[in-house]
Amino acid sequence: MKGAVIRSVGAAPEVDDVAEPVGDAIEVLAAPINPIDLAVSRGILATGHPPLPYVPGCEAVGRTVDGRVVWIFGGSLGRTSQGAMAEHAPIGDSSAIDVPDGADPALAAALGIAGLAGWLPFAWRAPLAGGENVLVLGATGSVGLVAVQAAKLLGAGRVVAAGRSAAGLERAAEYGADATLRLDEANDLAAVFSEAFDGDGPSYVFDPLWGPPAAAAAQAAAPRATIVNLGQSAGATSELASAAVRFKNLSILGHTNFSVPADELTEHYRRLVEHAIAGEIRLEVETVPLDAVADAWGRQAEGPGTKLVVVP
């Protein structure tokens with residue numbers, strides 16, 4: 001069968017003949033390219049990478065031998081064992097969750113890692129009670145755009161989208177953000193974050209950035225605010241002021257999709273896809289043929305502005 005192949009650490013994938021997966025497998029219908037896939041290929045993920053050469057891809061939507069359409073994710077898939085960017089992919093120790101009827105496979109795949117990262121902080125990790133002032137950092141990427149919509153759908157009072165892409169912020173406004181702000185145009189981020197909520201600051205911060213934006217958000221946050229961190233796109237470390245954390249009694253939580261219990265993952269994945277089927281969650285998806293995976297891989301590294309999904 002044909003598959004994407006990483007031959008050396010840091011290399012882009014090339015398409016070649018690869019061995020059929022051993023054991024239960026799916027016929028791949030759609031396999032997203034995610035930042036984690038690039039991190040694995042560069043050898044910078046804590047879990048390492050599969051033995052070289054290997055097929056990348058930590059998730060996919062595909063058809064089982066009995067005709068079910070499922071989303072596969074988790075376990076060692078694409079992290080320490082063969083991944084999903086091929087005509088067939090192993091199920092192995094991953095979860096195989098039934099995709100709701102009527103879902104487009106490419107969109108259902110895009111709503112896996114990226115979609116759940118935008119959904120689960122609000123729906124599961126630190127559930128919204130209703131009426132919160134939510135600051136979504138990194139709101140111009142796929143994860144952030146889902147987060148904007150999830151916050152509104154789950155009861156936030158005001159949602160402010162923050163990012164660097166003007167086009168992405170326009171889309172965030174189209175998707176329901178009450179206000180937007182450019183991170184690269186502010187001299188005092190803490191002041192800008194506070195003013196975006198009439199001087200009160202956010203009561204909930206969705207943070208895939210860390211670094212200086214997270215520090216500024218903590219400084220601006222309202223008393224007893226919640227900050228959920230799920231990435232470090234702006235820096236691996238952040239100089240949080242102890243006084244801001246202590247005296248405002250901030251709650252700072254971490255999140256990764258890989259630590260979500262299987263039953264919760266199943267419930268929330270299906271719930272999210274059903275919202276998309278109903279038109280309540282939107283995500284721009286660009287399908288890419290397997291033969292063009294190297295080009296798409298490079299675009300992912302640069303920030304594509306859309307969700308790239310490989311279709312064998």
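The structure presented is a predicted model; accordingly, all values stated were derived computationally and were not measured.
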CG (Asp17) with more than 12 external heavy atoms under 6.0 Å: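 Yes.
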Whether over 12 other heavy atoms sit under 6.0 Å from Asn187 CG: no
Any residue meeting salt bridge (charged side-chain N to carboxylate O under 4.0 Å, His left out) with Arg63, in chain and number order, not counting sequence neighbours: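 Partners of Arg63 under the salt bridge (charged side-chain N to carboxylate O under 4.0 Å, His left out) test: Glu27.
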Residues Lys2, Asp16: salt bridge by 4.0 Å N-O rule: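 A salt bridge is absent here (no side-chain N lies under 4.0 Å from a carboxylate O).
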Spacing of Leu107 atom CG and Thr287 atom OG1 [to the nearest 0.5 Å]: 12.0 Å
Test item: Ile36 and Phe258 side chains (from C-beta on) under 4.5 Å apart, heavy atoms: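 Heavy-atom side-chain distance check passes, below 4.5 Å.
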Candidate list Leu120, Leu116, Ile277, Leu153, test side-chain contact (heavy atoms from CB on, under 4.5 Å), partner Leu272, passing option: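 When side-chain contact (heavy atoms from CB on, under 4.5 Å) is applied between Leu272 and each of Leu120, Leu116, Ile277, Leu153, only Leu116 qualifies.
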Heavy-atom neighbours of Asp98 CG exceed 12 at 6.0 Å: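 Counting other residues, nucleotides and ligands, CG of Asp98 exceeds 12 neighbours.
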Enclosure of Arg224 CZ (heavy-atom neighbours >12, cutoff 6.0 Å):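 No, CZ of Arg224 has 12 or fewer neighbouring heavy atoms, counting only those of other groups under 6.0 Å.
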Side chain to side chain donor-acceptor pair (under 3.5 Å) against Glu174, all qualifying residues, sequence neighbours excluded: Arg282
More than 12 heavy atoms from other groups under 6.0 Å of CD on Glu185: yes
Transitive ILVMFWY cluster of Val245, excluding itself - 4.5 Å side-chain cut-off: Leu135, Leu137, Val160, Leu181, Leu183, Leu189, Val192, Phe193, Phe197, Val205, Leu209, Trp210, Ile227, Leu240, Leu250, Ile252
Verify same cluster id: Met85, Val69 (apolar side-chain graph, 4.5 Å): yes
